[in-house]
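Working notes, structure below.
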Protein chains: 2
Amino acid sequence: MTQTKDDTIAVRISKVLADRIIAGEIEPGSRLRQDHIASEFGASHVPVREAFRRLEAQGLAISEPRRGVRVAAFDLAEVREVAEMRASLEVLALRHAAPHLTKAILDLAEDATRAGDKSRDVHSWEEANRTFHRTILAPCAMPRLLATIDDLHAASARFLFAAWRTEWETRTDMDHLAILAALRQGNVDAALTTLGRHVQWIGQKPVRTAAGTTREAFAIVG
Amino acid sequence: MTQTKDDTIAVRISKVLADRIIAGEIEPGSRLRQDHIASEFGASHVPVREAFRRLEAQGLAISEPRRGVRVAAFDLAEVREVAEMRASLEVLALRHAAPHLTKAILDLAEDATRAGDKSRDVHSWEEANRTFHRTILAPCAMPRLLATIDDLHAASARFLFAAWRTEWETRTDMDHLAILAALRQGNVDAALTTLGRHVQWIGQKPVRTAAGTTREAFAIVG
DNA sequence: TTTCGATAAATTATAGATAATTCTGTCGAC
DNA sequence: GTCGACAGAATTATCTATAATTTATCGAAA
């Protein structure tokens, strides 16, 4: 899947750490100690520090000089911010991708949606959702835009996993189907409008904290 | 201005290199050799490598494993891409900033525009232009969005300096004035429309290459 | 309780060494 | 003259060891 063969050690470490942060395996705010991580990966601190810089750029970690690196914290304001950025940029990407969308591509996107609808856990749903969005946006052929959207998707996934850590209820994604239908009949504007609204939809769910109390958790669900 | 005291060496190096790349002092495609840069800054190669990772994240350099780091090349397609991303994101930022704009802020933005109109060289024009955009967008209070816009501005500046390396003709920026006027009278939609169009306007200019031939150069002028 | 200071720990950075890879330029074959 | 093979130089990516600086901890004194 992801080629680990040609990657540099620093890249490999950053990918593993990114996965852990997104999955919520490491608490927001907790410290990433370079020597511990170095010894875990059997590496020295040099590639670990480079991995930290990559995580920082993705917005998954924050680094304070001389105080080390921490997993980035987030709040409702940031969930909203990422949702709005995704809405703007995905609409832009789809506008450019639309003329290049073929029936084959739209069929692949529909497969992804169906896989999402059948998902029984939040992880496989997220993967299917990400595939859907990637599939219809990639033909825009704007690498910088797609890379930025990827980082925002990573943030979205993090919020999602934090809110729906365990439970997940199957549901069919009407928006995805509406977007595909609009694209198939050449109604790009309708697809753009639906996509923009879809990505800004923020799910809300009461969640038990470790202390036993409940709080509201929010996540981008689309 | 920019605090170099508290910064780490890696950050300091990346800032200097970023300035050089944006100013066009280093040719696109040319290699950044870590040992050379390390000795130039009187540092070791470790912070230099971290600086490279930061430049990579900003899109100013590209790194290929085992083949080193090069200054990122760019073409008309990327100029267009950055322009469109800026248009989308700056419109989003302004929509959120608008309710928080005060007369004092708008006056500051007008000062920046006036400074730009008086600029006799492209560097001071770019600085004034950047100040204008920053001033009206910052009150949106969306840090991730603003950071992304900053990186896009850096790319824009790079394109601009590459196209208008020496010559620059003074001109008054009607779009800026129109945006400010619309904001002052509370017509946010008009301001958003004008800003979106303004940032997508791509200037075009024949430029003499080193070989003596002329080619068309393009840049985001807004 | 708060403040102070000694101690411990972690980050940041240096220096030097090494394996692997890429670049460069020469030489010979066609 | 062009092409490819080859040797040597240069460069990257990494490790190890170590120093300097800063932050964190923790107990004692005011």
Side-chain angles (χ1 to χ4, degrees), chain A residues 2-21 25-73 147, chain B residues 2-21 25-73 210:
Chain A
T2 50
Q3 52 174 27
T4 65
K5 181 66 171 59
D6 206 32
D7 277 349
T8 192
I9 292 182
V11 171
R12 230 148 38 201
I13 293 176
S14 80
K15 282 181 179 171
V16 173
L17 292 180
D19 283 347
R20 287 187 196 164
I21 294 171
E25 289 170 30
I26 323 180
E27 287 283 302
S30 66
R31 302 183 58 174
L32 296 173
R33 292 194 201 76
Q34 61 182 17
D35 286 351
H36 294 203
I37 292 165
S39 62
E40 181 197 336
F41 285 89
S44 76
H45 67 99
V46 181
V48 173
R49 293 181 61 80
E50 289 182 42
F52 284 172
R53 297 290 91 80
R54 304 182 101 254
L55 295 174
E56 220 184 326
Q58 289 180 304
L60 295 176
I62 51 173
S63 151
E64 296 164 289
R66 294 271 167 201
R67 306 191 63 184
V69 176
R70 297 176 172 279
V71 176
Chain B
T2 50
Q3 53 176 27
T4 65
K5 180 68 174 59
D6 208 29
D7 278 347
T8 191
I9 292 182
V11 172
R12 230 148 37 199
I13 293 176
S14 78
K15 283 180 178 171
V16 173
L17 291 180
D19 283 348
R20 287 185 196 166
I21 294 171
E25 289 171 30
I26 324 179
E27 287 283 302
S30 66
R31 300 183 59 174
L32 297 174
R33 293 194 200 75
Q34 60 183 19
D35 285 353
H36 294 202
I37 291 165
S39 62
E40 181 197 335
F41 285 89
S44 72
H45 59 101
V46 180
V48 173
R49 292 182 61 81
E50 289 181 44
F52 285 171
R53 298 288 93 80
R54 306 183 101 252
L55 295 173
E56 219 184 329
Q58 290 180 305
L60 295 176
I62 53 171
S63 146
E64 296 164 289
R66 292 272 166 201
R67 306 191 62 186
V69 176
R70 298 177 172 276
V71 175

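First the proteins, then the strands, lettered A, B, ... as listed; each starts at 1. Both backbone and side-chain heavy atoms feed into the values below; hydrogens, waters and symmetry mates do not. Note that the structure is predicted; figures quoted are calculated from it, not measured.
Whole-Å rounding puts the A:Phe41 CZ to D:dA13 C1' distance at 17 Å.
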Could you pull out the protein-nucleic contacts involving nucleotides 11-13 of chain C (nitrogen or oxygen on both sides, under 3.5 Å)?
unit_1, atom_1, unit_2, atom_2, d
C:dT11, OP1, A:Gln34, N, 3.4
C:dT11, O2, A:Arg66, NH1, 3.2
C:dT12, OP1, A:Arg66, N, 3.2
C:dT12, OP2, A:Arg49, NH1, 2.4
C:dT12, OP2, A:Arg49, NH2, 3.3
C:dT12, O5', A:Arg49, NH2, 3.4
C:dT12, O4', A:Arg66, NH1, 3.4
C:dT12, O3', B:Thr8, OG1, 3.1
C:dA13, OP1, B:Thr8, OG1, 2.6
C:dA13, OP1, B:Ile9, N, 2.5
C:dA13, OP2, B:Thr8, OG1, 2.7
C:dA13, N6, A:His45, NE2, 3.3

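A:Arg70 places no side-chain N or O within donor-acceptor distance of the main-chain N or O of A:Ser30, the cut-off being under 3.5 Å.
Only one option out of B:Ile13, B:Val69, B:Asp35, B:Ile9 pairs with B:Val48 in a side chain to side chain contact (heavy atoms under 4.5 Å, CB included); it is B:Ile13.
Taking CD of A:Glu56 as the reference point, atom CD of B:Glu50 lies at 9.5 Å (rounded to 0.5 Å). The distance from atom CD1 of B:Ile37 to atom CZ of B:Arg31, rounded to the nearest 0.5 Å, is 11.0 Å. Separating the NZ atom in A:Lys15 from the CG atom in A:Leu55 is a distance of 12.5 Å, to the nearest 0.5 Å.
B:Arg54 has its side chain within reach of B:Val11: a pair of non-hydrogen atoms, C-beta onward, lies under 4.5 Å apart. Two residues are said to be in side-chain contact when any heavy atoms from C-beta on lie closer than 4.5 Å; A:Ser14 and A:Gln58 fail this criterion.
Overall, the helix from C:dT1-D:dA30 to C:dC30-D:dG1 carries an axis bend of 30° between its ends, with five pairs at each end and the value rounded to 10°.
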What verdict does the side-chain contact (heavy atoms from CB on, under 4.5 Å) test give for A:Leu17 and A:Phe52, after you've listed the backbone C-alpha separation in whole Å, the side-chain angles of each residue and the deciding distance to 0.1 Å? CA-CA 9 Å; A:Leu17 292 180; A:Phe52 284 172; 4.1 Å; yes
